[in-house]
Amino acid sequence: MPKQFRPRDHEDRVRQGWEAARAFHADPDRVLEGRAKPYAILIPPPNVTAALHLGHALNNTLQDVLARVHRMKGYETLWMPGTDHAGIATQTVVEKRVKALEGKSRADFAQDGERGRAAFVERIQAFKDEYEVRITEQLKRMGCSCDWERQRFTMDEVCARAVREAFFQLFKAGLISRGKRLVNWDPVTQTALADDEVEMEEIEGFFYSLRYPLVHRGSVGAGQQSLAAGEDAMPVTWNELAVRGYPGADEHPGDAQAWVTVATTRPETYLGDTAVAMNPKDPRAKALRGLFVELPLVGRVIPVIEDDYVVMPEALGGDASDPKAQFATGFLKVTPGHDPNDYEIGRRHELPIINIMAPDASISDQHGWNDVGNAHLFVGKSREEARMLVVREFEARGWLERKSPYRHSVGHSYRSHVPIEPYLSDQWYVKVTDDSLRGAALRAMAGEQRSGGDAHPTGGGVEKTEDGLRFFPERYAKTFETWHENIRDWCISRQLWWGHRIPVWSLRAELPPDTLPFPDWPDPSDVGVSEFETEYNERLRKFAALIGCAGQLYAKCEWREGDYCIDVCAATEEAERVFTLYSKPDGSTWQLHAHLEPDAIVALRRIEEMTRLNESLDPVFSATRDPDVLDTWFSSALWPLSTMGWPDADAAANATGIADFPSLLPAFNPTNVLVTGRDIITLWVSRMVMFNRWFTDQQQNPAARQGEGRLPFHHVYINPIIQDGHGQRMSKSLGNGVDPLDIIESHGADALRYVLCQVATSTQDIRLPVDLVCPHTGKTFSPKFIRNSQGRLVPAPIQECPADPTKKMVTAFGLASGQVKPSPELPLARNTSAKFDIGRNFATKLWNAARFTLSMLTEPATPVLDPASPDLGVADRWMLSRLAAAIDAVDVAVARYEFSVYAGQVYDLLWRDFCDWYLEIVKPTAAHNPAQRAVLRVALDAMLRLLHPIMPFVTEVIYEHIGTLPTASVQGLSLDAPDRAGLLCRAGWPRAEASLRDQAIESTFARMQELITAIREVRAQHQVHPRRPITLHVSIELHAELRALGVMEMLRTLAGVERIETVPPAGQAAEFTFGPQRLAVSNLADAIDAEAEKSRLEKLIADLNKSVAALSGRLANPGYAQRAPAHLVQETRDELERKKAELAVAIEAMEKQG
RNA sequence: GGGCGGGUAGCUCAGUUGGCUAGAGCACUCGCUUUACACGCGAGGGGUCCAGGGUUCGAGUCCCUGCCUGCCCA
């Protein structure tokens, strides 16, 4: 073995060995044939948007540890790898890139219609290919034992089929539908976002109080819903209000026009106001009933309405405990088009909805606002500009009553970070509030992790609670539960190009007023629609069967806002081809051009009968496809199913050449555990649970209620979040991230992995102080920190070399903030963390320990060793016992997902027990003791196995050397040989029988450790040279005991005790106690250092005095002796006696010193 | 505003159902080129366990209040 372990010399070769042996390839058929138990993990697919960061390294290291442990335990282990297309994120990144490289924006591509879209998607595809390779490479370099042959991508053919089928089934079940609703609109990326893609941020804004003049409505406009232009509206005066009994009206000039004051943080939305609301209990309500206000400049006359939602001011009887009551004026401007609450009020009062903005959130009269009046000056302005202008105009007219600073939280896009605009648009929704989704997810939880107050009771014992979904650490179960209790319908359409396109083709036409599709139908009510739909689908069904797409087409029909709509969903690409049956070659008439069997043509005509009622309608199958794509999480939600070939594993097998695809789902779903971050509980975990259960409910049990199918995984382990040394999230903009590849380069993959496991405790997030590598010296140092504009602690942009202050460097923050650019004089300093040294040191320690152990194993060892053999000494028995204890502790830690405990156990076993004690003890004896060599042999072997899941590379390399030795075994310790290519990663997990544990030996050995430490302490106090042999003076009894235990050699080796005598020292000596025994060491040096001895004794006496006082104090407490458990009281008494004896010895020794 | 964490040595963290004088690594001090390892070995110093109150024979641990801090949700 080389003297030094250099990771880079081995890592590639080891990895190639694993791959050549297909060591990580899982065989589902072994599971189905009952030859092995399954263990499966699905990778949370990393986004193809960027390279992996340290958080990914942690997440994947922990998964790999689990996978490797279980593989060694004999489970058929599948770790399924893959990547996620990450719609909005990837598209945004590529848009920026294309803009920079080609100078073209997405709008430029959009001008070429579908072709431009395809060209743009091609560029994203290329980007994806590049990053997918990069991510895969990173995972491999970390040592991830994924089944690489099965790698998937959320948009590949296999996954796409799952998305199609899932959408189709939900669509058919009525759980996916289209609706015009207020969505969270991101005006920069110009797409809708789901609720959980919106981040609330506190901002410093203003509360503006605006006055709206009161009027009587004029003659124009009959119904309350229509809005009148302002010309003939008549002002309402304060006098009139006084007459109507308006409280306080007489405080205003009587013949002046009266007003009401509304308060808002967004004055510009007044352009879209369609009412002013007040609480019906407001004492002013009666006087204002039937009156209107006229919106300044716009001139729109809108009603004053009454709604319970409006908060009354505290002065007028509002709820004093509601903080809003202190700000409230009692009047609420209602803008249904741009505020979710106002939207609800609008629905209750059937108010018109006016959209005053373009998709980029600039004020626009082109998107549903057509009574601009004198408000032209705002058109074309951004939200922010318009806000300033509106305030200025109100102020100029005296309509601005007040402007006060106001801190409030505003939703921001998680992607573009601009404020979300509530925006009215057509979107697709999944009705996750349905009991078969939300309710089923809640019922899936393990019983004891659920809280009380059960609104979704478990039904019919479909699932036993002990099989339920379980969270580690368990506190996260609550996050999952409350999320589902408060869930709202899930908006799944995104106005993007990168993603799974919604498989719906639509026909839309305006019906002439008062016409009905079938004259004999009473009304275009729901009944009528559903009858139409049933008939339509019946005809569609026949047609689909005739063209070989049975069951793959389904239509939803509805009348909306006077439009006549048919949405047809195609479950497969084959079925999708029907939408190209027609062409319009001359631009006027649709023609059927495709070849169809006569029966199919007849069936097609039957469908057309129902869609050609109106001449403006195109033939049904020339309908236009929905332009939107699905939310990325929709395909992620299917990951447990899609990666295993659902819904058509044979097709997946054909497409990929992976013949055993059909066995995957039956063998590995549900998987064992999902390892992910806590922010993903809502975004992903929830949706996987809902979908996996919903889509497997029939396979689970034909009698199961809807949505009560299988879980996607039994356990969810939430890994901690890595933060920098100041508790801040690592991010590119703060320049405080550490690149895992840098650490692999500088410390090795094993070191990276070890440290990530070691810091993964279950209680806290991980603080990893970030250091810099000086590019001039290569040394690591802690940088100087400054606060950035947001008050975050970041490394100063420029740092000095600690060794030479004239040399400077640029930090990642300096680069990211654009303040400095690296140059030859100012090189970029890489981020690192001194924490990773722990892992590197540990790997080195293992390497050296193994090298040394192997050097002692050149002679054969006892082939089959009985641990009770008389050839074994105390230390040997002790080592075996410690090993067995560590195996148990590691097994428990792994089962509890306590990675830090696991790392700590193997650290102590190798470093403290094996290296510090055992190796030192056997150094002089192993050469002529074959039994001891057997212990060395199995201990090293077992430790390599225990360490392998955390540090796979270094252990695999060492194992190659162990493999050349003749085998040795110890009874009670199972170390099964590798089942493939002699690889450690395929070797058996160590199993120790309880008989290997020996409590008596462990406590005896602990006593010897104490004795040795006591002697070493005296030596150190007296500055005795480490190699100077000394003499130990003990009682006859202790001497006999030491001899019986056979530890004389150990004392020589570890404490430098050359002679042991039973007579007191003749000359100068240092006395000390060992339990109740009085011992001394002599021959320390030519002369004893009296001062050193004195100060040692002083400290000892002080310590002992403290102990005696504490112990006797406890015993003096009357309650203690009476109430504490008897054995504890006895222990205290014994302890006190010991301490008193030691004290006496120390005092006597002190007196001798004079 | 609601929920969940955290506050223990200079730093990063352990501390199981309350029970020996509260532990580890790094950093620090002293000694050691001891034939595996200086990325090492041996020894040592360093802690009002955030504050206040309570329960208890006994509280870092349980309860209450407050302060600081992080995350999630509204």
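Bear in mind the structure is a predicted one, so any value in this text is a computation, not a measurement. Chain naming here is simple, since letters A, B, ... match the order of the sequence lines and numbering starts at 1 in each.
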| said: From the set B:A36, B:G31, B:C37, return the single nucleotide nearest to any side-chain atom of A:A849. | reply: B:A36
| field | Minimum-distance pair of heavy atoms, taken over all atoms of A:A843 and A:V954 | value | O-CG2, 4.3 Å
| field | Residues which pass side-chain contact (heavy atoms from CB on, under 4.5 Å) with A:V432, listed by chain and number, not counting sequence neighbours | value | A:V430, A:L437, A:I487, A:W490, A:M690
| said: Regarding A:I681, tell me which of base, sugar-phosphate or nothing describes its non-hydrogen contacts under 4.0 Å with the strands shown. | reply: nothing
| query | Taking only residues two or more places apart in sequence, or in another chain, which ones meet A:T1053 in a side-chain contact (heavy atoms from CB on, under 4.5 Å)? | reply | A:P924, A:E1049
| Length of the CZ-C1' vector between A:R1027 and B:G31, whole Å | 13 Å
| Who are the ring pair (Phe, Tyr, Trp, His ring centres under 6.0 Å) partners of A:Y959, not counting sequence neighbours? | none
| remark: By side-chain hydrogen bond (donor to acceptor under 3.5 Å, both in side chains), A:Y907 pairs with (sequence neighbours left out) none
| How would you list, by chain and number, every residue that makes a side-chain hydrogen bond (donor to acceptor under 3.5 Å, both in side chains) with A:D339, sequence neighbours excluded? | none
| How many Å lie between CG on A:L854 and C1' on B:C37, as a whole number? | 14 Å
Might you list the N or O atoms of the protein lying below 3.5 Å from N or O atoms in nucleotides 58-61 of chain B, with each pair's distance?
none

| request: Classify the nucleic acid contact of A:D837 as base, sugar-phosphate or nothing, counting any heavy atom under 4.0 Å across all strands shown. | output: nothing
| task | May I ask you to say what A:K478 touches in the nucleic acid, namely base, sugar-phosphate or nothing, with a heavy-atom cut-off under 4.0 Å? | result | sugar-phosphate
| request: Please report, rounded to the nearest Å, how far the C1' atom of B:C71 is from the CD1 atom of A:I680. | output: 14 Å
| A:R937/A:D941 ion pair, N-O < 4.0 Å | yes
| What integer number of Å spans the C1' atoms of B:C64 and B:C26? | 38 Å
| query | What integer number of Å spans the C1' atoms of B:C71 and B:C62? | reply | 26 Å
| field | Spacing of the C1' atoms in B:G25 and B:C63 (rounded, Å) | value | 34 Å
| field | Integer angstrom distance from the P of B:A27 to that of B:G42 | value | 15 Å
With 3.5 Å as the limit, what N/O pairs link the protein to nucleotides 14-16 of chain B?
unit_1 : atom_1 : unit_2 : atom_2 : d
B:A14  : OP1    : A:T761 : OG1    : 2.7
B:A14  : OP1    : A:T763 : OG1    : 2.3
B:A14  : OP2    : A:Q764 : NE2    : 2.7

| field | Contact under 4.0 Å: A:K3 side-chain N or O vs B:C37 OP1/OP2 | value | yes
| message | Any donor-acceptor pair under 3.5 Å linking the side-chain atoms of A:N341 with those of A:Y309? | response | yes
| message | Just N and O in the side chain of A:R6: are any of them under 4.0 Å from OP1 or OP2 of B:C39? | response | no
| Distance between the C1' atoms of B:C68 and B:U56, in whole angstroms? | 29 Å
| Among all residues two or more places apart in sequence or in another chain, which pass the side-chain contact (heavy atoms from CB on, under 4.5 Å) test with A:R1016? | A:W917, A:I1012, A:L1054
Which atom pairs link the protein and nucleotides 45-47 of chain B when you take only N or O atoms and keep those under 3.5 Å?
unit_1 : atom_1 : unit_2  : atom_2 : d
B:G45  : OP1    : A:K1099 : NZ     : 3.1

| task | Check whether any side-chain nitrogen or oxygen of A:R1114 sits under 4.0 Å from OP1 or OP2 of B:G19, and answer yes or no. | result | no
| said: What contact category does A:A1124 fall into here, base, sugar-phosphate, or nothing, at under 4.0 angstrom with non-hydrogen atoms? | reply: base
| B:G15 to B:A22 separation - C1' atoms, rounded to the nearest Å | 8 Å
| Do A:T433 and A:D489 have side-chain N/O donor and acceptor atoms under 3.5 Å apart? | yes
| query | Under 4.0 Å between a side-chain N or O of A:K923 and OP1 or OP2 of B:U35? | reply | no
| message | Distance check needed: B:C41 C1' versus A:R1019 CZ, whole Å only. | response | 13 Å
| said: So A:D679, base contact, sugar-phosphate only, or nothing? Heavy-atom distance under 4.0 Å. | reply: nothing
| Rounded P spacing from B:G70 to B:U29 in Å | 34 Å
| Cationic N near anionic O, under 4.0 Å, A:R1052 to A:E1058 | yes
| field | Closest non-hydrogen atom pair between A:V1018 and A:A1070, with its separation | value | CG1-CB, 3.6 Å
| task | Fit a plane to each ring of A:Y897 and A:Y717, take the angle between them on a 0 to 90° scale, and name the class: parallel (under 30°), tilted (30 to 60°) or perpendicular (over 60°). | result | parallel
| said: In this structure, how many angstroms lie between the C1' atom of B:C4 and the CD1 atom of A:I721, rounded? | reply: 12 Å
| request: Provide the distance between the two C1' atoms, one in B:U8 and one in B:A24, to the nearest whole Å. | output: 13 Å
Expected rows: protein N/O vs nucleotides 23-27 of chain B N/O, under 3.5 Å:
unit_1 : atom_1 : unit_2 : atom_2 : d
B:G25  : OP1    : A:R912 : NH1    : 3.0

| field | G-U wobble or Watson-Crick pairing nucleotide for B:G1 (cut-off 3.5 Å, both distances) | value | B:C73
| task | Go through the structure and list residues passing side-chain contact (heavy atoms from CB on, under 4.5 Å) with A:A477, not counting sequence neighbours. | result | A:M445, A:Q449, A:F471
| said: Run the side-chain hydrogen bond (donor to acceptor under 3.5 Å, both in side chains) test against A:R8 and tell me which residues pass, sequence neighbours left out. | reply: none
| request: For the residue pair A:W483 and A:T682, confirm or rule out a side-chain donor-acceptor distance under 3.5 Å. | output: no
| field | A:W917 or A:L1104, whichever maps to the more 5' nucleotide of RNA chain B | value | A:L1104
| Identity of whatever pairs with B:C41 - Watson-Crick or G-U, under 3.5 angstrom | B:G31
